[in-house]
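Following: one structure in structure tokens, then a few remarks.
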Amino acid sequence: MKTMVSTLVGNTLVLLHSEAPPSDDEWAKYIDLMRSIKDITKARSIAFTDGGAPNSRQRKDVNDILRGRPGLAVVVSHNTLVRGVVTALNWFNPLVKSFPPDKLSEAYDYLKLSREEVFKLNKAIEDLHVELGFRLKCSPTKLQLR
């Protein structure tokens with residue numbers, strides 16, 4: 001069973017995490033997506049997670065690409081532990097922020113997504129759920145528009 005799926009929509013990385021950490025193969029796909037972005041400083045990221053997160057080696061892969069540059073990122077989760085970890089990560093990357101699923105439109109605003117980008121992102125999120133094979137608990141039942 002898959003634990004994480006990811007895609008790139010424009011310059012926005014989109015990830016869905018189950019409760020389990022991503023496999024090395026799933027993480028490698030995500031890292032390849034990151035490397036495909038011409039200007040990583042203009043990239044954005046949105047992750048939906050039911051509790052799964054990368055391990056320390058996988059986080060190092062991301063840090064190696066970012067090289068200390070902060071990245072605009074959002075983590076959407078019901079899990080209070082995950083949201084606490086994001087708060088701690090904010091000390092190192094002041095541009096990362098967490099939102100509960102019912103505040104998805106605020107997360108989109110934070111990422112400065114246009115209405116067209118939100119439409120494309122919502123479609124990608126639905127497609128990723130199909131690829132994952134199940135719907136995350138943290139996924140809103142109805143995706144929100146800006």
Side-chain angles (χ1 to χ4, degrees), residues 1-67 69-90 92-113 117-144 146:
M1 179 191 300
K2 291 185 178 190
T3 60
M4 183 187 106
V5 290
S6 58
T7 193
L8 186 60
V9 178
N11 70 336
T12 304
L13 293 154
V14 185
L15 297 88
L16 302 184
H17 285 273
S18 68
E19 294 175 346
S23 70
D24 288 340
D25 288 341
E26 292 164 338
W27 194 253
K29 179 183 176 194
Y30 171 67
I31 292 300
D32 287 344
L33 288 172
M34 281 190 80
R35 288 188 178 124
S36 74
I37 299 170
K38 292 183 187 207
D39 185 353
I40 198 70
T41 64
K42 290 187 169 62
R44 298 172 284 195
S45 177
I46 185 166
F48 292 81
T49 181
D50 282 344
N55 62 35
S56 60
R57 184 191 50 74
Q58 292 167 336
R59 288 190 306 270
K60 182 184 179 310
D61 293 341
V62 172
N63 290 335
D64 288 348
I65 292 171
L66 294 176
R67 295 189 319 257
R69 297 170 292 196
L72 190 58
V74 163
V75 177
V76 178
S77 185
H78 281 299
N79 188 303
T80 53
L81 180 60
V82 166
R83 293 180 56 217
V85 168
V86 171
T87 299
L89 289 174
N90 185 269
F92 303 100
N93 178 2
L95 300 180
V96 66
K97 192 170 179 179
S98 68
F99 292 87
D102 64 342
K103 302 290 184 189
L104 183 57
S105 62
E106 290 176 26
Y108 288 165
D109 286 342
Y110 179 73
L111 291 174
K112 299 177 177 92
L113 295 168
E117 289 171 320
V118 168
F119 179 79
K120 289 177 182 177
L121 201 66
N122 285 343
K123 171 76 170 94
I125 291 166
E126 290 306 311
D127 292 346
L128 285 173
H129 276 101
V130 171
E131 184 181 341
L132 189 61
F134 60 93
R135 191 158 193 87
L136 296 177
K137 295 174 195 167
C138 69
S139 294
T141 53
K142 182 179 176 187
L143 291 173
Q144 302 163 26
R146 280 182 73 227

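For this chain, numbers begin at 1 and follow the sequence in order.
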Out of curiosity, [X] [atom1] to [Y] [atom2], how far, rounded to the nearest 0.5 Å?
X      : Y      : atom1 : atom2 : answer
Leu132 : Ser6   : CG    : OG    : 11.0 Å
Ile46  : Leu113 : CD1   : CG    : 7.5 Å
Asn63  : Ser56  : CG    : OG    : 10.5 Å
Lys29  : Leu8   : NZ    : CG    : 10.5 Å
Asn122 : Tyr108 : CG    : OH    : 4.0 Å
Lys97  : Leu111 : NZ    : CG    : 10.5 Å

Minimum heavy-atom distance between [X] and [Y], given as atom pair plus value:
X      : Y     : result
Gln58  : Ser23 : NE2-O, 3.7 Å
Ser77  : Asn79 : OG-N, 3.0 Å
Cys138 : Asp50 : N-OD1, 2.7 Å
Leu13  : Met34 : CD1-CG, 3.6 Å
Pro22  : Met4  : CB-SD, 3.6 Å
Thr3   : Pro21 : OG1-O, 3.1 Å

### Message
What I want to find out is whether Lys2 reaches Glu26 closely enough, with some N-O distance under 4.0 Å, to be called a salt bridge.
### Response
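Between Glu26 and Lys2 there is no salt bridge, as every charged N stays at least 4.0 Å from the carboxylate O atoms.
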
### Message
For Asp64, is there an ion pair with Lys60 - N to carboxylate O distance below 4.0 angstrom?
### Response
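A salt bridge is present here (some side-chain N lies under 4.0 Å from a carboxylate O).
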
### Task
Please lay out, stage by stage, how Leu72 and Tyr110 fare under the test side chain to side chain contact (heavy atoms under 4.5 Å, CB included).
CA-CA 9 Å; Leu72 190 58; Tyr110 179 73; 3.5 Å; yes

### Message
Which residues pass the salt bridge (charged side-chain N to carboxylate O under 4.0 Å, His left out) test with Arg57, not counting sequence neighbours?
### Response
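Per chain and number, Arg57 pairs via salt bridge (charged side-chain N to carboxylate O under 4.0 Å, His left out) with Asp24, Asp61.
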
### Message
Within the structure provided, determine whether Phe48 and Leu128 are in side-chain contact (heavy-atom separation under 4.5 Å).
### Response
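Of all side-chain heavy-atom pairs linking Leu128 with Phe48, none is under 4.5 Å.
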
### Message
Using side-chain heavy atoms (C-beta onward) and a distance below 4.5 Å, is Trp27 in contact with Asn55?
### Response
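They are not in side-chain contact.
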
### Message
Has Arg44 got a side-chain atom pairing as donor or acceptor with Lys112's backbone, closer than 3.5 angstrom?
### Response
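Judged by distance alone, yes, a pair lies under 3.5 Å.
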
### Task
Could you note down all residue pairs passing salt bridge (charged side-chain N to carboxylate O under 4.0 Å, His left out) where residues 32-41 supplies at least one of them, sequence neighbours left out?
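Every pair satisfying salt bridge (charged side-chain N to carboxylate O under 4.0 Å, His left out) with a residue in residues 32-41: Asp39-Lys42.
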
### Task
Evaluate the side chain to side chain contact (heavy atoms under 4.5 Å, CB included) criterion for residues Asp127 and Thr7: first the C-alpha distance (whole Å), next the side-chain angles of each, then the deciding distance (0.1 Å), finally the verdict.
CA-CA 10 Å; Asp127 292 346; Thr7 193; over 6 Å; no

### Task
Among Thr41, Leu33, Ile40, find the residue that satisfies the side chain to side chain contact (heavy atoms under 4.5 Å, CB included) test when tested with Ile37.
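That would be Ile40.
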
### Message
Set out, in order, the CA-CA distance, both residues' side-chain angles and the distance that settles side chain to side chain contact (heavy atoms under 4.5 Å, CB included) for Val82 and Ser98, then state yes or no.
### Response
CA-CA 9 Å; Val82 166; Ser98 68; over 6 Å; no

